[in-house]
Amino acid sequence: DAKAYYWQGYASDRLMQYRTAEFYWKSAIAAAENSTDAEDLALYAKSASRLANQLCVDGDYVAALKMARPVVERLEQLKCDTTSDYINLLIYIGLSQVGLGQSEEESHQGFYRACEKHRQNIDRLHSDDAYKDAIAGLVNIAYYCVMAEKYEPALYYTRNFGELLIEYEQHRGVDSAYIDRQIGRYTIYKATALRHLGRQKEADATYNAFLETKFSKSNEGQSMVMHYN
């Protein structure tokens, strides 16, 4: 049941039927919440991660926290706390806390834990997927901090993002388009945080580096320019 519900949710999401997708992902979570089967637990985490993302996009942070916290607790109890879906849930919990205006110490606990988990996965696996999962996680954190106008944390996580990106660039066969996209995100997030912290000279230099990327001409890149200005 969990598998069927998850894929029905995935298909609905791809068709932009978001309310239907939420219904199926909630059904998948309910179907797997008492199971200890490995496949069910993977679908449990994956469904919760996708649902949390959708709820955060909708700005329904209360619902995201209410759903994600017990899933995280159960995954930790069962020692299923190393997957990218589990780590994403930590990030969505942090994003929800930021969105609800909770204290920075409380709201960033999930972010710190997520960063540590990603680092552990990279050190353990040394894989392309481990790096890309970590980069995606830091992109989400930095982006939401900028959107929430939390510029000091945005600068902190952007710095971590940049260091990880430099490390990943040393690997053989990295995709140049992927690197350009991530450098674009890194520079515009950093420039925006610096500008709003009153560090204009550094912001200008970083923004000029952003303009040198192909990403800066994309729709996503152009949408971020509005927040810089």
Side-chain angles (χ1 to χ4, degrees), residues 13 18 22 48-72 84-119 132-165 181-200 202-204 206-207 209-210 213 215-216 218-229:
D13 181 69
Y18 301 123
E22 285 184 24
S49 175
R50 289 191 176 274
L51 177 57
N53 174 62
Q54 185 58 54
L55 292 171
C56 284
V57 168
D58 292 344
D60 195 348
Y61 302 120
V62 172
L65 283 176
K66 185 177 180 181
M67 181 279 299
R69 278 175 166 158
V71 174
V72 162
S84 60
D85 291 308
Y86 164 81
I87 300 171
N88 285 338
L89 283 168
L90 295 179
I91 293 172
Y92 294 131
I93 287 172
L95 299 181
S96 298
Q97 290 171 322
V98 169
L100 291 171
Q102 297 183 7
S103 70
E104 285 195 10
E105 181 179 356
E106 183 179 12
S107 61
H108 294 297
Q109 282 182 350
F111 293 160
Y112 294 138
R113 288 171 63 200
C115 290
E116 288 174 359
K117 287 287 186 180
H118 276 309
R119 184 73 256 176
K132 286 185 175 179
D133 284 343
I135 288 169
L138 282 164
V139 164
N140 278 336
I141 295 171
Y143 173 80
Y144 272 93
C145 286
V146 168
M147 293 300 101
E149 300 181 358
K150 304 288 186 180
Y151 297 117
E152 285 286 1
L155 195 58
Y156 172 81
Y157 290 112
T158 300
R159 188 179 302 117
N160 280 267
F161 174 23
E163 291 170 356
L164 184 62
L165 194 55
R181 188 161 60 250
Q182 304 315 325
I183 290 174
R185 287 171 174 149
Y186 162 70
T187 48
I188 192 59
Y189 298 165
K190 182 180 178 182
T192 303
L194 287 168
R195 185 172 190 272
H196 288 278
L197 290 170
R199 296 162 62 175
Q200 191 62 51
E202 294 171 86
D204 288 342
T206 308
Y207 184 72
F210 164 72
T213 65
F215 175 81
S216 67
S218 69
N219 290 337
E220 182 184 342
Q222 286 297 302
S223 71
M224 289 305 301
V225 170
M226 293 187 291
H227 298 284
Y228 175 78
N229 293 325

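Remember, predicted model here, so these are calculated numbers, not experimental data.
- Side-chain contact between Ile188 and Tyr207: present, with at least one pair of heavy atoms (C-beta onward) separated by less than 4.5 Å.
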| query | So Met147 and Met224, side-chain contact (heavy atoms from CB on, under 4.5 Å) or not? Walk me through it. | reply | CA-CA 10 Å; Met147 293 300 101; Met224 289 305 301; 3.8 Å; yes
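- When all heavy atoms of Leu90 and Ala114 are compared, the pair lying nearest together is CD1-N, 3.8 Å.
- Other residues, nucleotides and ligands contribute only 12 or fewer heavy atoms inside 6.0 Å of the OH atom of Tyr143.
- Side-chain contact between Leu164 and Asn160: absent, with no pair of heavy atoms (C-beta onward) separated by less than 4.5 Å.
- Looking only at side-chain heavy atoms (C-beta outward), Phe111 and Pro153 stay at 4.5 Å or farther from each other.
- A 4.5 Å side-chain heavy-atom check between Val57 and Asn53 finds at least one atom pair inside the cut-off.
- Phe215 meets the side chain to side chain contact (heavy atoms under 4.5 Å, CB included) test with Asp180, Arg181, Arg185, Phe210, Thr213, Ser218, Glu220; sequence neighbours excluded.
- In this structure, Met67 CE and Ser96 OG are separated by 8.5 Å, a value rounded to the nearest 0.5 Å.
- To the nearest 0.5 angstrom, Ile141 atom CD1 is 7.0 Å from Leu95 atom CG.
- Tyr189 places none of its side-chain heavy atoms less than 4.5 Å from the side chain of Thr192.
- Annotation: side chain of Leu55 is not in contact with side chain of Tyr61 (no heavy-atom distance under 4.5 Å).
- Distance check: Glu152 CD to Leu197 CG gives 4.5 Å after rounding to the nearest 0.5 Å.
- In this structure, OH on Tyr92 lies 9.0 Å from CG on Asp85, to the nearest 0.5 angstrom.
- Within the 4.5 Å cutoff, the side chain of His118 has no heavy atoms near those of the Leu138 side chain.
- In this structure, Arg195 contributes its side chain and Tyr228 its backbone to a donor-acceptor pair below 3.5 Å.
- Here the closest non-hydrogen pair linking Gly137 and Ile91 is CA-CD1, 3.6 Å.
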| task | For the pair Gln182 and Phe161, evaluate side-chain contact (heavy atoms from CB on, under 4.5 Å) and give the outcome as yes or no after the intermediate values. | result | CA-CA 9 Å; Gln182 304 315 325; Phe161 174 23; 3.9 Å; yes
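- Scanning all heavy atoms of the two residues, the minimum distance from Ile135 to Leu165 falls at CD1-CD1, 4.1 Å.
- Considering every non-hydrogen atom in both Ala191 and Thr206, the closest pair reads N-CG2, 3.8 Å.
- Within a 6.0 Å sphere centred on CG of Asn229, heavy atoms belonging to other residues, nucleotides or ligands number more than 12.
- Between Val139 and Tyr186 the shortest side-chain heavy-atom distance does not fall below 4.5 Å.
- One finds the SG atom of Cys56 at 5.5 Å from the OH atom of Tyr144 (value rounded to the nearest 0.5 Å).
- Ala52 and Leu89 make their closest contact through CB-CD2, 4.0 Å (heavy atoms, listed as atom of the first residue, atom of the second, distance).
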